Amino acid sequence: MEHTVITIARSYGSGGRTLGKLLAEELGVHCYDRELLRMASEQSGINEALFGEVDEKVKSLPLFRISSKIYKGEVFPPESEEFTSDDNLFNYQAKCIKELAKTEPCIIIGRCADFILKDEPNVIKLFFYASKEDCIKRTMEQNGGTKKDIIRMIEKRDKYRSDYYKYHTGREWNDARNYDFCLNTSSTSYDKLVSVVKEYISICKK
């Protein structure tokens, strides 16, 4: 299992993004997060700002409540009326994720990467979460603001991610069955968390 791709889903305030970056440094691989928006923009020719508008969130929530558009691997060409649709913006990000997984060992944060790569070999799917109080504390230390505002922000971001995941995959974002390893990051240093994840990865490679 030399060519390993790690996907990270994370609740807001769990420190998942930071943990992913630190883990990438330890393993000597690239970590892809918002870089995927730029890559998808360059590959498709669609303005990067459009990708940013739907980054890990669904814009048309009333429609989402009625139906979903589960990703099946296609992209719509420039002549299609759907070329700049929210669904096709996701499709191009997914295309970049699949190409990265085939060409290099790496870490990919969010964006339903675990589902997009569900049929690919040597993929380790991780989910990081933390207690509500720990998420509040970590977010306040990073962003400042009142506790009331932070709670509202956490709830909103997690709802965005949950709706986005459900829309594109048909699955529940925080369902442990979607992942290989779920880790509670509450009250644990990043050094220890990185060590735990590295140990799990080494076990998978045996």
Side-chain angles (χ1 to χ4, degrees), residues 3-12 16-18 20-21 23-24 29-128 156-175 178-180:
H3 184 133
T4 304
V5 175
I6 300 165
T7 68
I8 294 178
R10 72 282 183 227
S11 63
Y12 194 79
R17 182 177 183 274
T18 299
K21 297 288 184 182
L23 184 61
V29 300
H30 286 106
C31 181
Y32 294 96
D33 186 9
R34 289 189 61 84
E35 297 88 346
L36 289 165
L37 307 184
R38 173 185 54 78
M39 294 168 66
S41 173
E42 291 175 352
Q43 186 170 122
S44 65
I46 299 171
N47 192 309
E48 185 177 340
L50 293 179
F51 286 95
E53 289 176 5
V54 294
D55 187 30
E56 294 199 287
K57 59 180 177 286
V58 179
K59 285 197 299 186
S60 303
L61 194 55
L63 177 62
F64 160 74
R65 290 191 179 118
I66 298 172
S67 63
S68 62
K69 184 65 179 294
I70 298 174
Y71 172 71
K72 292 182 172 61
E74 75 278 26
V75 293
F76 300 114
E79 59 271 19
S80 170
E81 293 181 356
E82 297 292 318
F83 182 59
T84 58
S85 67
D86 293 357
D87 292 333
N88 207 37
L89 296 177
F90 178 86
N91 294 343
Y92 268 103
Q93 288 186 73
K95 187 172 184 288
C96 290
I97 288 170
K98 293 182 83 168
E99 290 172 353
L100 285 170
K102 289 184 181 299
T103 57
E104 64 174 285
C106 59
I107 293 175
I108 300 173
I109 296 179
R111 296 163 186 86
C112 306
D114 58 281
F115 181 83
I116 293 165
L117 301 177
K118 61 183 173 59
D119 297 322
E120 299 294 327
N122 301 340
V123 176
I124 298 175
K125 301 179 287 292
L126 308 178
F127 184 85
F128 299 135
K156 181 173 71 173
R157 295 295 180 86
D158 279 350
K159 178 109 175 31
Y160 281 160
R161 290 173 181 174
S162 178
D163 289 346
Y164 179 85
Y165 191 88
K166 178 77 170 182
Y167 180 80
H168 290 293
T169 73
R171 300 178 177 182
E172 297 299 329
W173 166 68
N174 59 356
D175 187 339
N178 297 328
Y179 309 100
D180 299 309

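Worth saying up front: this structure is predicted, and the values here are computed from it rather than measured.
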Problem - Contacts of type salt bridge (Lys or Arg N to Asp or Glu O under 4.0 Å), residue R17, not counting sequence neighbours - result: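 Salt bridge (Lys or Arg N to Asp or Glu O under 4.0 Å) list for R17, sorted by chain: D33.
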
Problem - Pairing residues for E48 by the salt bridge (Lys or Arg N to Asp or Glu O under 4.0 Å) criterion, not counting sequence neighbours - result: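 For E48 there are no salt bridge (Lys or Arg N to Asp or Glu O under 4.0 Å) partners, ignoring immediate neighbours.
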
Determine whether a donor-acceptor pair (N or O, by modelled atom type, separation under 3.5 Å) exists between the side chain of [X] and the backbone of [Y].
X	Y	answer
N88	V75	no
R10	L126	no
H30	I108	no
S162	K159	no
D163	V58	no

Quick one: side chain to side chain contact (heavy atoms under 4.5 Å, CB included) partners of [X], sequence neighbours excluded?
X	value
E74	K69, K72, F76, N91
P78	F83
A40	F51, Y92, Q93, C96
E120	K98, K102, L117, V123

How far apart are the closest heavy atoms of [X] and [Y], and which atoms are they?
X	Y	result
S41	N47	OG-C, 3.8 Å
V29	P105	CB-O, 3.6 Å
V5	E104	CG2-O, 3.9 Å
R111	I116	O-CD1, 3.4 Å
G20	I107	O-CD1, 3.6 Å

Problem - Side-chain donor-acceptor pair present, Y165, D114, cut-off under 3.5 Å - result: yes

Handout entry: Test item: side-chain donor near acceptor, Y179 and N174, under 3.5 Å
Key = no

Handout entry: Output field: ring centroids Y164/W173 closer than 6.0 Å
Key =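 Ring centres of W173 and Y164 not closer than 6.0 Å.
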
Problem - N178 CG to D175 CG distance, which is reported to the nearest 0.5 Å - result: 5.0 Å

Fill in the blank from the handout: To the nearest 0.5 Å, atom CD of Q43 lies from atom CZ of R38 at 11.5 Å

Practice task
Before giving the answer on ring pair (Phe, Tyr, Trp, His ring centres under 6.0 Å), spell out for Y71 and F90 the whole-Å C-alpha distance, their side-chain angles and the decisive distance to 0.1 Å.
Solution key: CA-CA 8 Å; Y71 172 71; F90 178 86; 5.6 Å; yes

